[in-house]
2 protein chains.
Amino acid sequence: MPRQRPVPPPISRDDFEAVRDQFIAAWGQMGPAWGVSRTMAEVFALLFITSEPLNTDQVMGRLRISRGNASMSLRSLVEWGLVARVHRRGDRKEYFQAESDVWALSRKVIRERLRREIHPLLTTLHEVRDRTHQPIGLVRFTPSSDVHETDRPVTQSELDAHNRRLDDMLELIQTIDRLAERFVGAEGKGLRVAASLLSKLV
Amino acid sequence: MPRQRPVPPPISRDDFEAVRDQFIAAWGQMGPAWGVSRTMAEVFALLFITSEPLNTDQVMGRLRISRGNASMSLRSLVEWGLVARVHRRGDRKEYFQAESDVWALSRKVIRERLRREIHPLLTTLHEVRDRTHQPIGLVRFTPSSDVHETDRPVTQSELDAHNRRLDDMLELIQTIDRLAERFVGAEGKGLRVAASLLSKLV
DNA sequence: CAGACATTTCAGAAAGTTCTGAAAGTTTTG
DNA sequence: CAAAACTTTCAGAACTTTCTGAAATGTCTG
């Protein structure tokens with residue numbers, strides 16, 4: 001009986017690419033739910049799961065997207081700090097490499113979202129509060145006899161209810177903000193610390 | 001000189017509505033960045049900042065949106081658990097009221113996002129892992145002479161790098177998941193606890 | 001149980017976003 | 001410094017999401 005023939009590896013190139021595809025597709029689907037375009041999420045996933053840096057043409061080819069789209073997506077990822085530009089000796093092309101430390105990734109995402117979304121929101125909420133938290137009784141108003149239902153003045157209790165809700169929301173967002181800032185600022189494995197800490201308590 | 005007449009509050013109805021508008025607009029802008037439509041975010045903001053329950057026509061009128069849109073948005077908000085249907089004696093219309101406890105709101109949002117986004121993602125990531133974590137060293141491979149670059153087998157080091165990144169990502173998502181589950185499950189002011197706890201540590 | 005009132009659904013329209021491809025711009029090389 | 005190599009930009013096309021309005025469905029009331 002002849003010796004067993006050499007057996008091909010358990011994972012073919014095609015299978016491996018198919019696995020990567022599944023990973024990439026999973027991120028792509030998440031994208032829109034988190035306010036990022038599908039393609040941007042896919043480009044990130046591709047760079048993350050591929051350990052080697054890739055150039056624009058490789059990204060274009062792998063994901064079947066246009067040069068313009070690839071360029072834009074890569075630029076955004078670099079702006080978010082999730083991907084770095086890499087230069088290779090003797091190669092004029094630019095290569096892109098995903099941050100591989102998932103904790104660093106988390107911190108960068110949180111930092112950017114704070115900067116782009118939470119902080120502007122806080123600014124606006126403070127502005128809103130200032131418009132109704134003005135000292136009361138300073139301004140006079142003499143109602144004319146024909147005040148309609150729709151332009152009757154705002155009652156104190158309406159104002160109180162409004163201010164209570166506004167303040168609650170402000171406090172919430174501020175708490176989230178402080179918590180996130182702390183995580184972002186923390187050296188090293190911030191979330192890990194947070195996690196172990198919380199698990200001890202509850 | 002006649003005695004000073006009773007003084008109404010310093011904020012006119014119009015100003016009050018303008019303040020609410022600013023609040024609503026701020027949320028509306030956040031919406032898309034968090035994977036929710038602008039209108040849905042606005043409807044929620046309106047209901048939240050208005051203490052009284054509103055009916056569909058009031059929402060339509062206030063935000064200038066169609067009946068269909070209002071109906072759909074309200075339904076989604078009810079599905080997310082952020083808004084409750086309220087019935088009033090002697091009124092056949094349905095009223096909608098936002099959850100007013102911001103901590104309860106947070107918990108509901110987190111619970112839903114876990115269910116809709118994180119858990120499916122975890123499932124897929126596990127599937128992906130199972131496709132490359134098969135036992136190694138069991139199978140042999142002898143390359144034939146004419147293997148092309150594109151269909152050369154996947155090397156062990158490629159596989160290792162892939163698995164390392166995949167596992168890191170999985171661990172991250174799982175940590176986030178556990179942390180969030182804990183917060184969601186916690187009675188009462190979960191985030192507040194988290195916040196004070198973290199602030200003590202770092 | 002008929003009519004009035006209220007809500008939901010959904011096809012098509014409108015609005016918004018993402019993508020392409022080619023032209024313009026930039027950098028490198030010989 | 002001209003040509004080649006590479007990257008960025010952006011107008012319009014393609015696609016996706018959101019919205020409208022009217023019809024269908026559901027519910028209440030006398």
Side-chain angles (χ1 to χ4, degrees), chain A residues 24-25 27-47 52-80 82-97 116-117, chain B residues 24-25 27-47 52-80 82-97 116-117:
Chain A
I24 292 166
W27 283 102
Q29 293 205 294
M30 277 301 90
W34 289 94
V36 173
S37 83
R38 207 201 64 226
T39 301
M40 223 182 108
E42 287 184 348
V43 172
F44 173 75
L46 170 63
L47 292 176
E52 296 82 44
L54 300 181
N55 63 39
T56 306
D57 290 82
Q58 290 172 313
V59 171
M60 286 167 63
R62 187 63 172 73
L63 300 181
R64 314 277 203 83
I65 61 177
S66 72
R67 186 169 300 282
N69 195 5
S71 176
M72 292 297 216
S73 299
L74 288 167
R75 164 215 272 280
S76 297
L77 288 170
V78 170
E79 278 169 2
W80 276 76
L82 308 180
V83 162
R85 291 172 195 276
V86 169
H87 293 282
R88 299 188 138 173
R89 304 249 157 273
D91 191 336
R92 286 174 57 180
K93 281 197 174 62
E94 245 180 345
Y95 285 74
F96 296 88
Q97 174 163 240
R116 298 172 188 216
E117 294 149 21
Chain B
I24 292 166
W27 283 101
Q29 293 204 294
M30 278 301 92
W34 288 94
V36 172
S37 82
R38 206 201 67 229
T39 301
M40 224 182 107
E42 287 184 348
V43 172
F44 172 75
L46 170 64
L47 292 176
E52 295 83 44
L54 300 181
N55 63 39
T56 305
D57 291 82
Q58 290 172 313
V59 172
M60 287 168 62
R62 187 63 172 74
L63 300 180
R64 311 278 204 83
I65 62 178
S66 70
R67 185 170 302 281
N69 196 5
S71 175
M72 292 298 218
S73 300
L74 288 167
R75 164 214 274 280
S76 297
L77 288 170
V78 170
E79 278 168 3
W80 276 76
L82 307 181
V83 163
R85 291 172 194 276
V86 168
H87 292 282
R88 299 188 138 174
R89 303 250 158 272
D91 192 337
R92 284 175 57 181
K93 281 197 174 61
E94 244 179 345
Y95 286 73
F96 296 88
Q97 173 162 240
R116 299 172 188 215
E117 294 149 21

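Lettering follows sequence order; numbering is per chain, from 1.
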Distance, nearest 0.5 Å, that separates [atom1] of [X] from [atom2] of [Y]:
{"X": "B/Leu77", "Y": "B/Leu47", "atom1": "CG", "atom2": "CG", "answer": "7.0 Å"}
{"X": "A/Phe44", "Y": "A/Phe96", "atom1": "CZ", "atom2": "CZ", "answer": "14.5 Å"}
{"X": "B/Lys93", "Y": "B/Leu54", "atom1": "NZ", "atom2": "CG", "answer": "12.5 Å"}
{"X": "B/Leu63", "Y": "B/Asn69", "atom1": "CG", "atom2": "CG", "answer": "9.0 Å"}

Under the rule for side-chain contact (heavy atoms from CB on, under 4.5 Å), what residues qualify as partners of A/Ala25, not counting sequence neighbours?
none
I want to check one thing: is the phosphate of D/dT8, taken as OP1 and OP2, less than 4.0 Å away from some side-chain N or O of A/Ser71?
yes
Just grab all the salt bridge (charged side-chain N to carboxylate O under 4.0 Å, His left out) pairs involving residues 56-79 of chain A, residues at least two apart or on different chains.
A/Glu17-A/Arg62, A/Asp21-A/Arg62, A/Asp57-A/Arg67, A/Arg75-A/Glu79
Let me have the donor-acceptor pairs involving side chains of residues 82-90 of chain B, under 3.5 Å, with sequence neighbours excluded, atom names and distances please.
unit_1  : atom_1 : unit_2  : atom_2 : d
B/Arg85 : NH1    : B/Glu94 : OE1    : 3.0
B/Arg85 : NH1    : B/Glu94 : OE2    : 3.3

What pairs of donor and acceptor atoms, side-chain ones from residues 35-43 of chain A against any protein atom, are under 3.5 angstrom apart with sequence neighbours left out?
unit_1  : atom_1 : unit_2  : atom_2 : d
A/Ser37 : OG     : A/Met40 : N      : 3.2
A/Arg38 : NE     : A/Glu42 : OE2    : 3.4

Under 4.0 Å protein heavy-atom contact, by nucleotide of nucleotides 19-30 of chain C - B base, S sugar-phosphate only
SBB-----BBS-
Rounded to 10°, the helix from C/dC1-D/dG30 to C/dG30-D/dC1 deviates from straight, judged by its five-pair end axes, by 20°
Between A/Asn55 and A/Pro32, just flag the one whose closest nucleotide in DNA chain D comes earlier from the 5' side.
A/Asn55
